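A quick write-up on the structure given underneath.
In this text the structure is predicted, and so the values were computed from the model without any measurement.
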Amino acid sequence: MQMLGAPNGYNRTSRKYSLTFFEAPRSRVTYYKSMTSSVAPLRADSISKTYRGVLGGKGIQALKGVSLELKPGEIFGLLGPNGAGKTTLVKVALDILSADSGQCWLFGLPAKNARTRLRVGYLPENHRFPPRLTGRGLLQLTGRLHGMADDQINRRADELLERVGMSRWAGTRITKYSKGMAQRVGIAQALIHDPDLVILDEPTDGIDPVGRAEVGEIIRELKSAGKTALLNSHALAEIEQICDRVAILHKGEVLRVGDVSEMTAIGLQYVLTGSFGVLTSDPPPEVAVALEKSDERLVVRVSSEDKLDQLTDWLRSRGASIRSLTQRKHTLEEVFMEMIDKGKGPG
Ligand SMILES: Nc1ncnc2c1ncn2[C@@H]1O[C@H](COP(=O)(O)OP(=O)(O)OP(=O)(O)O)[C@@H](O)[C@H]1O
Ligand SMILES: [Mg+2]
């Protein structure tokens with residue numbers, strides 16, 4: 001059988017891809033859906049994985065005891081440099097690869113449970129969809145493999161092809177698609193069975209800026225519909241905008257997990273914009289410490305949020321006007337670069 005969505009090189013490690021993920025029982029998907037659930041859509045407990053028979057027999061230790069838990073309804077980003085282990089973790093979670101130790105759970109059941117995987121949609125990294133299929137054919141195949149009825153598949157395929165801007169190309173073979181077009185139908189096939197958890201490995205890879213924004217919108221819509229999404233990506237600015245939480249993975253280990261907003265916050269520093277040219281002195285140190293000052297921008301550090309009122313009163317009393325006041329943030333990229341030692345190259 002031609003492997004659907006088989007990532008490059010999957011043969012090197014496992015033939016289980018088709019047997020376990022795509023040949024799941026053809027029972028009704030809806031049967032396995034619970035209405036609402038507080039169970040983690042995905043949980044990884046101390047996953048370790050070494051690829052044997054490479055690097056002169058020593059093997060590559062891709063995951064070293066990784067533990068993670070996704071919350072229902074969140075958009076979670078898995079970040080890390082090339083070779084960090086992101087794709088390996090996803091493959092273990094989908095039982096495409098077996099871990100050496102540890103266990104993954106999907107919706108509270110072992111990831112090896114084929115029924116549970118019916119609730120998961122997956123866009124593999126570097127996918128190679130069966131070349132003879134058209135875009136619509138790919139969606140039909142994925143739908144059937146998930147136990148959907150033909151009329152249901154066709155309805156949903158129309159919607160999704162439209163949603164990813166591929167309706168015009170629906171009858172064209174995938175081999176004729178550009179990289180970005182193949183990626184768009186790849187996202188559509190991941191959503192065909194209305195999964196509760198969507199795992200997208202490098203979803204915007206090869207997609208143009210307009211398409212990237214559309215993908216971001218689709219992911220936000222999934223969240224609004226109560227779905228959970230796990231994204232592997234290097235596009236940190238996009239991740240920062242879309243994700244609720246992220247984990248930074250490096251050399252097979254989780255360096256940090258947390259809310260994007262908490263990770264990017266810089267203590268009690270605030271940026272004010274307005275007209276500050278009238279100021280003849282800095283604010284008193286017991287109110288705020290000025291870190292940067294220009295006619296239109298003032299950056300301060302305060303000892304507590306309560307001081308902000310005192311600061312704005314002080315500024316106004318001296319004739320300054322304030323247009324905006326926001327907490328100063330790092331970009332996710334800055335946080336990431338700080339965590340990862342740039343000099344050491346791929347994980
Ligand atoms: N099939 C394989 N056989 C041998 N080694 C592999 C295989 N797949 C991955 N590896 C190795 O495992 C490590 C983790 O790779 P993985 O693909 O999980 O990283 P990644 O974080 O997804 O990287 P990228 O950002 O480049 O996609 C790397 O050192 C890689 O060389
Ligand atoms: Mg990868």
Side-chain angles (χ1 to χ4, degrees), residues 1-25 40-55 57-70 76-129 142 145-146 186 189-190 195 197-203 205 228-234 247 249-254 346-347:
M1 176 181 136
Q2 182 84 46
M3 299 301 156
L4 174 67
N8 286 341
Y10 86 94
N11 275 328
R12 279 181 286 162
T13 53
S14 170
R15 294 190 63 85
K16 289 172 67 190
Y17 194 82
S18 65
L19 298 176
T20 56
F21 187 72
F22 287 107
E23 291 183 4
L42 188 156
R43 201 177 98 204
D45 283 343
S46 308
I47 302 294
S48 292
K49 171 75 190 172
T50 297
Y51 291 99
R52 314 253 166 226
V54 280
L55 285 192
K58 221 173 96 198
I60 294 173
Q61 208 181 349
L63 297 174
K64 304 169 189 166
V66 170
S67 296
L68 273 183
E69 185 167 323
L70 265 60
F76 191 94
L78 199 48
L79 315 179
N82 296 129
K86 305 179 295 293
T87 297
T88 304
L89 183 62
V90 160
K91 288 183 182 174
V92 169
L94 291 168
D95 199 36
I96 296 165
L97 289 176
S98 294
D100 300 330
S101 60
Q103 183 150 18
C104 274
W105 308 83
L106 294 170
F107 299 100
L109 292 171
K112 290 188 184 302
N113 184 323
R115 288 179 184 182
T116 312
R117 289 199 309 279
L118 290 173
R119 292 178 67 179
V120 184
Y122 175 43
L123 172 74
E125 180 187 46
N126 302 327
H127 47 71
R128 288 203 207 119
F129 297 121
T142 314
L145 290 168
H146 285 88
Q189 67 78 38
L197 168 64
V198 183
I199 299 180
L200 304 174
D201 200 345
E202 308 290 350
D205 189 23
T228 307
L230 172 63
L231 313 177
N232 279 359
S233 180
H234 296 287
L249 198 63
H250 188 36
K251 300 189 172 178
E253 289 175 292
V254 176

Restricting to non-hydrogen atoms, name the atom on [X] and the atom on [Y] that form the minimum distance, rounded to 0.1 Å.
X	Y	answer
K49	A99	CD-CA, 4.3 Å
S67	S46	OG-N, 2.9 Å
C104	I47	SG-CD1, 3.7 Å
A111	A93	CB-O, 3.2 Å
K64	S48	C-OG, 3.8 Å

Between atom [atom1] of [X] and atom [atom2] of [Y], what is the distance when rounded to the nearest 0.5 Å?
X	Y	atom1	atom2	answer
T228	R119	OG1	CZ	9.0 Å
T142	Y122	OG1	OH	13.0 Å
L123	Q189	CG	CD	6.5 Å
T88	I96	OG1	CD1	11.0 Å
R52	I60	CZ	CD1	11.5 Å
E125	K91	CD	NZ	7.5 Å

- request: Report the residues that fulfil side chain to side chain contact (heavy atoms under 4.5 Å, CB included) with Q103, sequence neighbours left out, ordered by chain and then residue number.
  value: W105, P110
- prompt: Would D205 and H234 satisfy side chain to side chain contact (heavy atoms under 4.5 Å, CB included), going step by step from the backbone distance to the final call?
  reply: CA-CA 9 Å; D205 189 23; H234 296 287; over 6 Å; no
Given side chains that start at C-beta, do those of [X] and [Y] come closer than 4.5 Å, heavy atoms only?
X	Y	result
L106	N113	no
V66	V92	no
V120	L42	no
L68	L249	no
S98	K112	yes

task: Name all residues meeting the side chain to side chain donor-acceptor pair (under 3.5 Å) criterion together with D201; count only those two or more places apart in sequence or in a different chain, and write none if there are none.
output: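 In terms of side chain to side chain donor-acceptor pair (under 3.5 Å), with neighbours along the sequence ignored, D201 is linked to T87, N232.
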Flag, side chain of R43 to backbone of G108, donor-acceptor distance under 3.5 Å: no
